[in-house]
Every structure is written in structure tokens, then in C-alpha cells.
Amino acid sequence: MTTGSSVDLGSLIWWLFLIYMILLPLWPQVQYRNLQAARLKILARLSRKHNSTVITMIHRQESIGLFGIPFYKFINIEDSEEVLRAIRMAPKDKPVDLIIHTPGGLVLAATQIAKALHDHPAETRVIVPHYAMSGGTLIALAADRIIMDPHAVLGPVDPQLGQYPGPSIVRAVEKKGVDKVDDQTLILADVAERAIEQVRDLVYGLLKDRYGEERAKELARALTEGRWTHDYPITYEHAKELGLHVETGVPEEAYTLMELYKQPMKQRGTVEFMPYPSKGEGSK
């Protein structure tokens with residue numbers, strides 16, 4: 001009896017191990033589908049609440065995978081294709097809400113999204129729960145309304161050439177003198193000048209209808225001339241001072257949605273907090 005029980009137990013453990021090995025690769029897919037369903041539920045709620053088409057472009061360092069290996073996201077051509085498709089399919093007489101969370105990315109992709117948002121016939125709103133830097137700011141400038149968390153930030157849109165800011169390349173040549181730099185640097189400066197002019201014209205085109213020509217020119221120059229470092233955080237208060245049409249009032253659903261984009265697993269959490277007890281909760 002003892003020997004038979006040991007054999008049965010061993011077989012059970014073996015089968016459990018086999019089932020575990022079969023199901024393990026499927027777990028990330030199950031996890032992702034659950035997250036996706038939860039996200040869609042929130043988007044549907046927000047869409048009904050605002051009577052709008054709700055689109056998201058959220059770039060976080062995610063770790064949905066078998067080994068939890070993180071990968072980074074930036075605005076790319078795939079993003080522009082999907083956002084353009086969503087805007088194209090949106091009813092022309094209904095508002096569009098774009099929830100955006102991004103460090104920036106390709107100027108080409110951000111430009112396509114910005115122009116599509118700008119050309120939508122009904123009202124457009126860009127919602128920024130945390131940050132929309134560089135290309136994200138370019139997209140936000142295309143909207144009729146920019147809705148920011150009080151502590152969210154935007155950023156300058158000065159073009160970057162590789163690891164160097166375009167305006168800094170131009171200024172370096174001006175300070176050193178054309179006759180004291182090599183041909184490659186001169187070529188970079190030429191490309192940088194044209195890139196700055198192109199982005200400046202784009203920003204002006206996005207803003208002139210709502211801000212007027214003079215104000216649009218001032219804002220386009222301020223955001224592209226390299227006045228600040230490229231990662232400089234333009235706070236809500238600073239954006240107001242610059243004259244941008246920003247407002248607070250991020251919908252609660254946007255914050256809930258952000259919680260559904262998983263971050264990489266950490267050995268130890270770097271931030272923890274205890275919510276204040278709700279009314280009626282007693283302490284023991």
C-alpha cells in the first residue's frame with residue numbers, strides 16, 4: 001500500500017509539473033487579455049461620459065512577457081497609423097479625446113497625428129495625466145483643449161539630431177565660427193537650421209487659428225529655439241504663463257487607466273503608501 005501511494009503521488013506531481021509547463025507560456029497572454037478587457041471597459045465608460053471617441057497613446061516601460069523583460073516605447077509610425085485610423089473612423093460630429101502619456105518619439109509620426117487631430121471637424125481634447133514631452137507636446141498643441149493634471153508636464157519641441165539638440169548645433173557653429181569647424185559639423189548645422197524652421201512652421205500652423213498669428217509665432221519660436229533643454233518640464237503654471245490654453249480636470253477614468261499599464265517587476269518597491277482610512281473604517 002505504501003509503495004502504491006508513493007507511485008500515485010509521484011505520478012500526480014509529474015502531471016502537475018507537465019500541466020504547469022504547458023500553461024506557463026500561455027499565462028502572459030491571459031494576463032494581457034485581462035488587462036485589455038479592463039482597459040476597454042474604462043474607455044467605454046469615458047466615451048459614454050463625454051459622448052466622444054476616446055483614443056489612448058500610452059508609452060510606459062512595460063513587462064508583459066514570460067520573463068518580465070521590460071521594453072521601452074516611443075511615438076513611432078505604428079502609433080501614427082493606428083491613431084490616424086481611429087480619428088478617421090470617429091464620427092465627424094463627435095469630439096475626440098486623446099489620452100497621451102509619452103516621452104516623445106519620431107517627428108514624422110507625431111506630425112501625422114497632430115495634423116489629423118487638428119483637422120477633425122468636432123472638438124478635440126488631449127488629456128495629459130502625467131507627461132507628454134517633445135512629440136507628445138506637439139500633438140497636444142493640435143487640440144482645441146489641453147487638459148492636464150496640476151502636476152503634469154509638457155516639454156519643448158526643438159528637433160534633435162541624434163544625441164544633440166538642433167539649436168545647440170547651430171549655436172556652436174555661430175560661436176566658434178564657420179571657418180573653424182569641419183564639414184560634417186557644418187552639414188549638421190545646416191540640417192539643424194532647416195529642421196528647426198520646419199517644426200516652427202508646423203507649430204505655427206497648428207496654433208494660428210486659435211491663438212492668432214502673432215501669438216502663434218511667439219509660441220512657435222519659444223518652443224523650438226532651444227530656450228530650455230529638451231527635457232525641460234513645462235508645468236501647468238508655466239504653460240499658462242506662456243499663453244497656452246491649458247486647463248485642469250483630468251477625468252478620474254484616465255488615472256484608473258494608467259494603473260492598468262504594468263510596470264516592470266521590482267525586487268523591492270521604491271514607492272509605497274497607505275491610503276487614508278475611508279469614513280466608517282475603524283482602527284483596532
Side-chain angles (χ1 to χ4, degrees), residues 32 35-64 70-76 79-80 82-83 86-87 90 95-105 109-110 113-114 117 120 123-157 223 230-242 244-264 266 269-273 275-276:
Y32 179 74
L35 280 173
Q36 197 172 36
R39 293 170 186 171
L40 290 175
K41 185 177 180 181
I42 293 172
L43 293 180
R45 187 194 314 159
L46 189 58
S47 177
R48 289 192 299 269
K49 183 177 178 180
H50 288 176
N51 192 29
S52 64
T53 297
V54 182
I55 307 167
T56 64
M57 188 171 70
I58 297 176
H59 295 148
R60 299 189 81 172
Q61 181 185 334
E62 293 195 89
S63 60
I64 301 294
F71 57 92
Y72 297 85
K73 293 184 177 180
F74 303 91
I75 302 172
N76 57 31
D79 289 324
S80 65
E82 295 202 17
V83 174
I87 294 175
V96 166
D97 287 319
L98 174 59
I99 301 172
I100 188 168
H101 174 89
T102 182
I113 296 171
L117 198 65
H120 183 68
E123 185 181 48
T124 55
R125 300 180 286 257
V126 164
I127 300 170
V128 186
H130 185 59
Y131 78 152
M133 303 296 285
S134 189
T137 298
L138 184 65
I139 294 169
L141 295 174
D144 296 312
R145 296 166 60 190
I146 304 174
I147 304 173
M148 300 173 63
D149 179 89
H151 301 103
V153 295
L154 304 175
V157 296
L223 293 169
H230 192 62
D231 62 350
Y232 177 76
I234 299 175
T235 63
Y236 170 76
E237 291 82 4
H238 193 179
K240 293 282 284 186
E241 290 172 5
L242 289 172
L244 288 172
H245 298 166
V246 293
E247 58 189 272
T248 55
V250 172
E252 193 62 37
E253 290 85 354
Y255 296 118
T256 305
L257 189 67
M258 293 296 296
E259 296 174 6
L260 295 175
Y261 284 80
K262 294 293 185 181
Q263 298 284 62
K266 303 172 185 176
T270 55
V271 177
E272 296 177 347
F273 72 100
Y276 189 80

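Computed from heavy atoms alone, side chains included, the values below leave out hydrogens, waters and symmetry copies.
You'll find the side chain of Leu223 stays beyond 4.5 Å of the side chain of Leu154, heavy atoms only. Annotation: side chain of Ile139 is not in contact with side chain of Thr102 (no heavy-atom distance under 4.5 Å). Between Val128 and Val246 there is no side-chain heavy-atom pair separated by less than 4.5 Å. Contact annotation: the side chain of Leu141 approaches that of Leu244 to within less than 4.5 Å [non-hydrogen atoms, C-beta and beyond]. Here the side chains of Leu46 and Ile99 are in contact, with some heavy-atom distance below 4.5 Å.
Between Pro103 and Ser134, the shortest heavy-atom distance links the atoms O-CB, 3.9 Å. The heavy-atom pair separating Ile75 from Asp79 by the smallest distance is CA-OD2, 3.4 Å. When all heavy atoms are compared, the tightest approach of Val250 to Asp149 is CG2-N, 3.3 Å. Residues Met148 and Thr235 share a closest heavy-atom pair of CE-C, 4.3 Å. In plain terms, the two heavy atoms of Thr137 and Ala132 that are nearest each other are OG1-O, 2.6 Å. Among all heavy-atom pairs drawn from Asp97 and Ser52, the shortest one is OD2-OG, 2.6 Å.
Scanning for side-chain hydrogen bond (donor to acceptor under 3.5 Å, both in side chains) contacts around His238 gives Tyr232, with sequence neighbours left out. The side chain to side chain contact (heavy atoms under 4.5 Å, CB included) test applied to Ser47 returns Val54, not counting sequence neighbours.
Residue pairs meeting the ring-ring contact (aromatic ring centres under 6.0 Å, His included) criterion with at least one member in residues 131-154, sequence neighbours excluded, are His101-Tyr131.
Distance check: Tyr255 OH to Ile127 CD1 gives 10.0 Å after rounding to the nearest 0.5 Å. Atom CD of Glu259 is separated from atom CD1 of Ile42 by 8.0 Å, given to the nearest 0.5 angstrom. Here the straight-line distance linking atom CD1 of Ile113 with atom CD1 of Ile100 works out to 7.0 Å at 0.5 Å rounding. Atom CE of Met258 is separated from atom OG1 of Thr56 by 10.0 Å, given to the nearest 0.5 angstrom.
Each of Arg48, Lys49, Arg39 was compared with Glu253 under the salt bridge (charged side-chain N to carboxylate O under 4.0 Å, His left out) criterion, and only Lys49 meets it.
Side chain of Thr124 to backbone of Asp144: a donor-acceptor contact under 3.5 angstrom is found.
Annotation: Lys41, atom NZ; neighbour count of heavy atoms from other residues, nucleotides and ligands within 6.0 Å does not exceed 12.
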